[in-house]
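Here is the structure we will look at.
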Amino acid sequence: MQRIDMVERPGGGVIQVGEALIEESEIARETQHHPAGDLDRARRQAARALVIRQLLLQRAAQCGLDPTDEEACISALLEQDLQVPEPHPADCRRYYHSHPERFQTPPGWHIRHILLAAAPDDARARDRQYRLGQKLLRQLDASEHRFTELAQRYSDCPSRDQGGELGWLGPGQTVAELDRVLARLPTGLHGRPLASRYGWHLVHIRELRPARPLPYEHVNERVRHELLEQASRRALHQYLLALENDIGVRGFHLEEDS
């Protein structure tokens, strides 16, 4: 079938894929499965998913595949039609050397802290706890060995029972606000309270464990898998565009909404 150029959706919101119509009511039902920052974006994602599903099912019908189980039918179609070449070993090594940050051990911080709790919307409590944090930091500057004592007396974190000890933490193991700051801190007691949604943290970093590159031999399967995934995504994208051209889509354009 010759390609039908993009026009306004017929019938006030209808999309046509080949001879099949996707009604606005179908898009509305599908939208709940596509959470997004705004409703318009969610609806576009829903429409895209329905267009792709219809393209694949119509291509499967052309190939004589059994449509009884749609998911199995689509899987069989892609297995038959998509040809993804195996990554060449030289490409794998080149990718490994070009993306060292992807193939390394995560950094780590051996931390203890004192949490001075305050709700994010309680300005008076946050101000009061911040001033308490400054007072405690002055005491710790003079006598760092008092950290355990002060944690047990003032911290609102369960770690107070261990003198504020959190042990080794890595990226993503604490709240995002602290995660971003910890990546930049040196060892020792940080000189000001650090804010989070829970209140203020007095942080002492006992030891840093920097990220270390992993040998290629330890990650060669990961490298191969990543390149294979990238090639599969590119192949699927081009395949869907070809189906859009062959079958014809009216009221939606995959390339513009990708």
Side-chain angles (χ1 to χ4, degrees), residues 1-89 91-92 94-96 98-99 102-103 172 176 219-258:
M1 181 178 291
Q2 194 172 17
R3 174 169 180 152
I4 303 171
D5 290 333
M6 181 180 176
V7 297
E8 288 187 5
R9 293 183 183 179
V14 178
I15 297 172
Q16 185 170 344
V17 181
E19 299 302 320
L21 297 180
I22 299 174
E23 304 283 352
E24 189 66 30
S25 58
E26 293 179 71
I27 297 172
R29 286 194 299 273
E30 179 69 20
T31 297
Q32 64 182 312
H33 304 300
H34 299 270
D38 60 81
L39 180 60
D40 185 59
R41 179 171 174 78
R43 291 169 73 83
R44 289 200 309 274
Q45 291 175 354
R48 178 181 174 80
L50 291 171
V51 167
I52 289 172
R53 173 177 165 276
Q54 191 57 234
L55 285 171
L56 293 172
L57 289 175
Q58 290 188 36
R59 169 60 181 164
Q62 292 173 357
C63 296
L65 296 173
D66 181 7
T68 306
D69 183 336
E70 290 187 354
E71 291 304 317
C73 178
I74 289 172
S75 294
L77 173 69
L78 294 178
E79 184 72 26
Q80 168 187 296
D81 279 4
L82 273 192
Q83 303 298 320
V84 182
E86 184 71 21
H88 192 279
D91 293 330
C92 290
R94 185 159 45 247
Y95 183 77
Y96 166 79
S98 299
H99 300 84
R102 299 185 64 83
F103 307 106
V219 296
N220 56 345
E221 269 306 303
R222 263 180 60 197
V223 174
R224 174 188 163 277
H225 180 72
E226 287 195 16
L227 285 180
L228 201 56
E229 283 289 311
Q230 291 178 14
S232 296
R233 287 195 295 271
R234 287 193 299 269
L236 179 60
H237 180 67
Q238 293 304 315
Y239 178 69
L240 291 172
L241 292 181
L243 288 185
E244 180 185 30
N245 186 68
D246 292 341
I247 293 172
V249 177
R250 186 179 181 189
F252 197 87
H253 194 339
L254 290 179
E255 189 76 280
E256 290 182 5
D257 284 85
S258 60

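Only this structure's heavy atoms are used, side chains among them; waters, hydrogens and symmetry mates stay out. The structure displayed is predicted, hence computed values, not measured ones. Starting from 1, each residue takes its place in the sequence as its number.
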State which residues pass side-chain contact (heavy atoms from CB on, under 4.5 Å) with [X]; sequence neighbours excluded, sorted by chain then number.
{"X": "Ala242", "result": "none"}
{"X": "Ala46", "result": "Ile27, Glu30, Thr31, His34"}
{"X": "Ala61", "result": "none"}

- Message: Run Val51 and Leu240 through side-chain contact (heavy atoms from CB on, under 4.5 Å) and show every step you take.
- Response: CA-CA 10 Å; Val51 167; Leu240 291 172; over 6 Å; no

- Using 30° and 60° as the class limits, which term best fits the ring planes of Tyr96 and Phe103: parallel, tilted or perpendicular? tilted

Not counting sequence neighbours, which residues clear side-chain hydrogen bond (donor to acceptor under 3.5 Å, both in side chains) with [X]? List them please.
{"X": "Gln54", "answer": "Gln58"}
{"X": "Arg94", "answer": "Asp91"}
{"X": "Gln238", "answer": "none"}
{"X": "Ser98", "answer": "none"}

State which residues pass salt bridge (Lys or Arg N to Asp or Glu O under 4.0 Å) with [X]; sequence neighbours excluded, sorted by chain then number.
{"X": "Glu226", "answer": "Arg102"}
{"X": "Arg222", "answer": "none"}
{"X": "Arg234", "answer": "none"}
{"X": "Asp40", "answer": "Arg44"}

- Task: Show your working on side-chain contact (heavy atoms from CB on, under 4.5 Å) between Leu227 and Cys92 and close with a plain yes or no.
- Result: CA-CA 7 Å; Leu227 285 180; Cys92 290; 3.9 Å; yes

- Query: Heavy atoms, side chains only, cut-off 4.5 Å: are Val17 and Leu50 in contact?
  - Reply: no

- Message: For residues 70-83, which residue pairs pass the salt bridge (charged side-chain N to carboxylate O under 4.0 Å, His left out) check, not counting sequence neighbours?
- Response: Arg53-Glu70, Arg59-Asp81

